[in-house]
Amino acid sequence: VTWSPVQYPHFSGPVGYYTPQPINSVVRSADGTTYLPVDAKGGTSVVFASSDNGKTWRDTGGRTGGRHTTLEIAKDGALVGWGGKNTNLDGFMPKSTSRDGGKTWQLSKTPFKPLGSGQRPSIIRLASGHLFFVADWSQRKVPGPRRDGAFVAISNDDGETWIQRELPGFTTVGYVTATPAPNGVIHIVTSKNKPDYHIELNEAWVLTGGPDQGSPANRYLLEGLQTFHYPNGKKQWEATFKAGRRIGAESWWGAGGEKCWEKTYSDNGEWTWRIFDRDGRQTAVSKWKGKDLIDAKF
């Protein structure tokens, strides 16, 4: 309902090369230190740390063995990261382990296949103490044999062995994020799907089986007119959906009621984006096909 002002991080000490792209996990150790993994250079990630609840941050010094490393804390207190974009260890997804707070990392193999561009795993600790993992089966943008689709996995021995189950009906989960709810439901949000999906399952579905009732279906997708409003009651955003896809016009207004932009979608995947100034005059118009720009006028 309410939020603090935006605050940029204050770093103490030197900060090495990094890419300003946080990954998908923030963890807190037993001593209260918060660890945040961020992409670094090439096939590596850096872990930033804060010992004062985010007031100040530091570069822990080391770099993991993979870009997009998703982080958890092992039962013995070690930092453990899974995965990495376009990196592998003997043909398997790398695991990075640090026992000195991120200063150094040791690499080992996971039982999972490596991932590539547009893919990133997610790992979380469940209330049961087990680890939960979700990812694509293998790299999708490489030539040669590969396995499309995605899976989830549970480990009751802190990642030494895993019980896996395929997510039915999915070609990819892309850059995926998972989080547990207090009632035991595990929520997964996908990307790189059209449209993206919100998946719900629980630990028992993975461990003991059950029907594939969560397959993508239109009844789970946005349908009809969707509208957001500012606290003053003025309209902020509005769009119409059909089976999860935007149709017709999508519009955004400023808090004063002025239209800022409008996107108009056609059935063939093309859409037009118009931008307006505070007086309602059109300042730019561009035409797109998916994410590809076709034409623009200013």
Side-chain angles (χ1 to χ4, degrees), residues 1-29 31-41 44-64 67-73 79 81 85 101-102 118 120-125 174-182 187-192 195-196 198 222 226-239 246 250-263 273-280 283-284 286 291:
V1 177
T2 60
W3 292 80
S4 66
V6 173
Q7 298 179 358
Y8 293 97
H10 174 72
F11 281 89
S12 59
V15 179
Y17 186 94
Y18 71 96
T19 303
Q21 180 169 288
I23 302 173
N24 60 1
S25 50
V26 181
V27 296
R28 189 187 294 269
S29 64
D31 66 2
T33 303
T34 302
Y35 293 96
L36 168 68
V38 177
D39 285 350
K41 188 174 184 178
T44 66
S45 299
V46 57
V47 176
F48 294 143
S50 174
S51 299
D52 53 13
N53 291 318
K55 294 179 181 178
T56 59
W57 292 86
R58 64 183 182 276
D59 184 332
T60 54
R63 296 297 185 266
T64 72
R67 195 175 182 87
H68 300 346
T69 297
T70 182
L71 191 67
E72 251 304 339
I73 296 179
L79 297 176
K85 172 184 176 181
R120 181 192 63 201
S122 182
I123 191 165
I124 55 175
R125 178 81 65 182
Y175 292 121
V176 68
T177 297
T179 190
H187 298 269
I188 302 170
V189 178
T190 78
S191 69
K192 306 301 180 180
D196 298 325
H198 169 208
L222 280 175
Q226 310 290 323
T227 306
F228 289 170
H229 293 85
Y230 287 102
N232 62 10
K234 291 185 178 295
K235 194 179 295 185
Q236 181 185 35
W237 170 87
E238 187 173 83
R246 294 175 179 86
E250 175 188 11
S251 302
W252 185 282
W253 293 269
E258 69 281 2
K259 181 178 285 189
C260 299
W261 54 257
E262 181 180 85
K263 298 178 181 178
W273 190 4
R274 293 180 172 83
I275 300 176
F276 306 94
D277 63 17
R278 291 183 176 274
D279 296 322
T283 59
S286 55
K291 294 184 178 180

Asker: If I compare all heavy atoms of Trp57 with all of Pro9, which pair ends up nearest, and what's the gap?
Answerer: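 Closest approach of Trp57 to Pro9: CD1-CB, 3.8 Å.
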
Asker: I'd like to know whether CZ of Phe228 has more than 12 heavy-atom contacts from other residues, nucleotides or ligands below 6.0 angstrom.
Answerer: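 No.
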
Asker: Please give me the minimum heavy-atom distance between Ile23 and Thr69, naming the atom from each residue.
Answerer: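 Where Ile23 meets Thr69 most closely, the heavy atoms are CD1-O, 3.2 Å.
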
Asker: Specify whether Trp261 and Trp252 have parallel, tilted or perpendicular ring planes, treating 30° as the upper limit for parallel and 60° as the lower limit for perpendicular.
Answerer: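 If you compare the ring of Trp261 with that of Trp252, the planes turn out parallel.
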
Asker: For Val47, does its backbone N or O pair with a side-chain atom of Thr60 as donor and acceptor, under 3.5 Å?
Answerer: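 Yes; at least one donor-acceptor contact below 3.5 Å.
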
Asker: Which pairs pass salt bridge (Lys or Arg N to Asp or Glu O under 4.0 Å) with one or both residues in residues 48-58, sequence neighbours excluded?
Answerer: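 Output for this query is empty, none listed.
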
Asker: For the backbone of Pro121 and the side chain of Asn24, can you confirm whether one donor and one acceptor N or O come within less than 3.5 Å of each other?
Answerer: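 The answer is yes, because a donor-acceptor pair under 3.5 Å joins these two groups.
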
Asker: Step by step, work out the side-chain contact (heavy atoms from CB on, under 4.5 Å) result for Glu72 and Val27.
Answerer: CA-CA 6 Å; Glu72 251 304 339; Val27 296; 4.2 Å; yes

Asker: Considering non-hydrogen atoms only, spot the tightest contact between Arg67 and Ala40 and give its length.
Answerer: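 For Arg67 and Ala40, the tightest heavy-atom pair comes out as NH1-O, 2.9 Å.
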
Asker: Below 4.5 Å, heavy atoms only, C-beta onward: do Phe48 and Val38 meet side chain to side chain?
Answerer: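 In short, these two side chains touch, coming nearer than 4.5 Å.
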
Asker: Within a strict 4.5 Å, meaning less than it, do heavy atoms of the Val189 and Asp196 side chains meet?
Answerer: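 In short, these two side chains do not touch, never coming nearer than 4.5 Å.
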
Asker: As an exercise, state the distance from CD1 of Ile188 to OG of Ser122, rounded to the nearest 0.5 Å.
Answerer: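 One gets 8.0 Å once the value is rounded to the nearest 0.5 Å.
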
Asker: Can you confirm whether Tyr18 sits close enough to Asp59 that some side-chain heavy atom of one is under 4.5 Å from a side-chain heavy atom of the other?
Answerer: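 Contact flag for Tyr18/Asp59 side chains = no.
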
Asker: For Phe276 and Lys259, which heavy atoms make the closest approach, and how far apart are they?
Answerer: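 Closest pair (atom of Phe276, atom of Lys259, distance): CB-O, 3.4 Å.
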
Asker: Any side-chain heavy atom of His229 sitting closer than 4.5 Å to one from Gln236?
Answerer: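 The answer is no, as the side chains (C-beta and beyond) never meet within the 4.5 Å cut-off.
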
Asker: Working to the nearest 0.5 angstrom, can you tell me the gap between Ile124 CD1 and Leu71 CG?
Answerer: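 It comes to 13.5 Å.
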
Asker: Taking side-chain contact (heavy atoms from CB on, under 4.5 Å) as the definition, give me every residue that meets it alongside His10, ordered by chain and number, with sequence neighbours left out.
Answerer: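 Per chain and number, His10 pairs via side-chain contact (heavy atoms from CB on, under 4.5 Å) with Thr56.
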
Asker: Is there a donor-acceptor pair closer than 3.5 Å between any side-chain N or O of Thr227 and the backbone N or O of Glu238?
Answerer: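 Checked: no pair found.
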
Asker: Does Thr283 reach the main-chain N or O of Asp277 with its side chain, forming a donor-acceptor pair under 3.5 Å?
Answerer: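 Not a single qualifying donor-acceptor pair exists.
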
Asker: For a side-chain contact (heavy atoms from CB on, under 4.5 Å) check, start with the C-alpha distance between Arg28 and Ile73, then their side-chain angles and the critical distance, and finish with the verdict.
Answerer: CA-CA 8 Å; Arg28 189 187 294 269; Ile73 296 179; 5.7 Å; no

Asker: Heavy atoms, side chains only, cut-off 4.5 Å: are Lys85 and Arg120 in contact?
Answerer: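 Not touching, per the 4.5 Å side-chain cut-off.
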
Asker: Of all the heavy-atom pairs spanning Trp253 and Cys260, show the shortest one and how long it is.
Answerer: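 Shortest heavy-atom contact: C-SG, 3.9 Å.
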
Asker: Looking only at non-hydrogen atoms, find the nearest pair between Trp237 and Glu250 and report the distance.
Answerer: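 In this case the closest contact between Trp237 and Glu250 is NE1-OE2, 2.8 Å.
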
Asker: If you round to the nearest 0.5 Å, how far is OG of Ser25 from CZ of Arg125?
Answerer: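 If we round to the nearest 0.5 Å, Arg125:CZ and Ser25:OG are 12.5 Å apart.
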
